[in-house]
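Scroll down for the structure; my scribbles are underneath it.
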Amino acid sequence: MEVLKLQINDNYLNLKDSYLFSTIAKKVSQYKEKYPEKKVISLGIGDVTLPLCETVVEAMKNAVLEMGTKEGFRGYGPEQGYGFLKLAVMNYYKDRNISLDENEIFISDGAKSDLGNILDIFSQDNTVLIPDPVYPVYVDTNIMAGRKILYMDANEENNFLPMPDKNIKADIIYLCSPNNPTGAVYNKNQLKAWVDYALDCGAIILFDAAYEAFIQDKDCPRSIYEIEGAKKCAIEFCSLSKTAGFTGTRCGYTIVPNALIFDNTSLNKLWLRRQTTKFNGVPYIIQRGAEAVFTEKGQKEIKENIKYYLENARIISETLSKMGIWFVGGKNSPYIWLKCPNNMSSWEFFDYLLENANIVGTPGAGFGKNGEGFFRLSSFGNREDVIKAMEKISTIK
Ligand code: PLP
């Protein structure tokens, strides 16, 4: 019998292994083995640490009980999400004078899935433009599809906020504000420049707003749709992960405006078709919890948590400023992106900080070539640890 030769998607072979977090874990465990008496503080975590707020827990408990009754039981739900949650998201946008149609909102199990899955509706022949340093998902999902990737430099000169370059043409542009890993945030004028550029050259912007809830400055948009024309050129990805502690609970939403017409085709219709074919929706119980996030009480409670993280970020920023260390972020974002002192490389500074201050952070080099020489600190830890870490860091030379 003829033996067939199954072919794999060999684009996967072009993916680079990421050793960033495994190397960090290995170095920390070696250090702890050598110095068991030392307390190591982690400012490297990208996960939240505060528990779900009371209103969310209550809503999920009620939904569980409802599911246990004959009348309240629900099986498959709408793939795009229940009307009650879409309505809550619509009102959340309405408060910022952004009007959305219900069918423009797609409830997801988080931003990461949708950021990857959205690529299904675009041709492999498109070129993508991605900032460097970057949240690695944008790069890897495009490598998997075999798309051509162009990088734009985020660096000290542009405060890690790259702006459009008329000489560079790409079909799909990734923007993330507030940014992971840099914590940098675009203001209105800067985002307007990106929207104008995308409209001029017929590109689509994939706008990652996973950290929008951390924005406090009125001049920094929390949604790209605060910019005129954006509904014609941008898809927005949002998440309750960092906003409301849903990293383990899993819920987000993606906005695909009806005005997005490319190649004479509605992207909203394509995405709906993709979702109804490949996705069976977010659990009812989780969607009830997510709905509670948008109630007045839920908003009050999650804002308390965000305030807590932002205060941690302020304490870290203040210490770095006093030490004369260059950094961005930390104001409208949970991340602080600093320049390693004394021209140390990212990994040299990692070792130095671990050995001299017993603090763990994330080497910037792990997020792209422009991250070399930079370092990410996160404010998702607890207050006492942040204060202790800053006391220690300020004593190092
Ligand atoms: N986008 C950015 C920039 C992130 O940093 C993260 C998570 O760390 C995500 C998206 C993924 O969020 P989610 O938990 O909703 O999948």
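As a basis for the values below, the full set of heavy atoms in this structure was taken, side chains included, without hydrogen atoms, waters or symmetry mates. Computed from a predicted structure; not experimentally measured. We count ligands from 1, going down the list as the structure has it; atoms in each ligand are counted the same way.
- Ion pairing of Glu291 with Arg288 is present here, as a side-chain N (NZ or NE/NH1/NH2) and a carboxylate O approach within less than 4.0 Å.
- Every N/O-N/O distance between Ser113 and ligand 1 stays at or above 3.5 Å.
- Under 4.0 angstrom from ligand 1, there are no non-hydrogen atoms of Phe237.
- The pair Glu318-Arg314 meets the salt-bridge criterion, since a charged nitrogen lies less than 4.0 angstrom from a carboxylate oxygen.
- Close approach to Asp208 involves these atoms of ligand 1, each under 4.0 Å from a residue heavy atom: 1 (N), 2 (C), 3 (C), 10 (C).
- Salt-bridge formation is detected for the pair Asp385/Lys39: a Lys NZ or Arg NE/NH1/NH2 atom is positioned less than 4.0 Å from an Asp or Glu carboxylate oxygen.
- Taking a 4.0 Å cut-off on heavy atoms, Cys176 registers as neighbouring ligand 1.
- Shown in contact with Asn180 at under 4.0 Å from a heavy atom are these atoms of ligand 1, numbered in order with element: 3 (C), 4 (C), 5 (O).
- Between Asp120 and Lys278, at least one side-chain nitrogen of the basic residue sits less than 4.0 Å from a carboxylate oxygen of the acidic one, meeting the salt-bridge criterion.
- For Ser321, the side chain to side chain contact (heavy atoms under 4.5 Å, CB included) test picks out Phe327, with sequence neighbours left out.
- For the pair Glu156 and Lys339, the salt-bridge criterion is met [side-chain N within less than 4.0 Å of a carboxylate O].
- From the protein, the heavy atom lying nearest to atom 9 (C) of ligand 1 is Tyr135 OH, 3.2 Å.
- Note on ligand 1: Tyr211 sits in its first shell, one or more heavy atoms being nearer than 4.0 Å.
- Electrostatic pairing of Glu301 and Lys297 counts as a salt bridge here, judged by a charged N lying under 4.0 Å from a carboxylate O.
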List the steps, then state whether side chain to side chain donor-acceptor pair (under 3.5 Å) holds for Glu236 with Tyr93. CA-CA 12 Å; Glu236 180 158 288; Tyr93 275 84; 2.6 Å; yes

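- Protein heavy atom closest to atom 8 (O) of ligand 1, with residue, atom name and distance, is Lys242 NZ, 2.9 Å.
- Applying the 4.0 Å criterion to heavy atoms of Lys112 picks out, from ligand 1, the atoms 11 (C), 13 (P), 16 (O).
- If you look at Ser241 next to ligand 1, the close heavy atoms, those under 4.0 Å, all belong to the side chain.
- Near Gly110, with a cut-off below 4.0 Å to any heavy atom, the atoms of ligand 1 are 15 (O), 16 (O).
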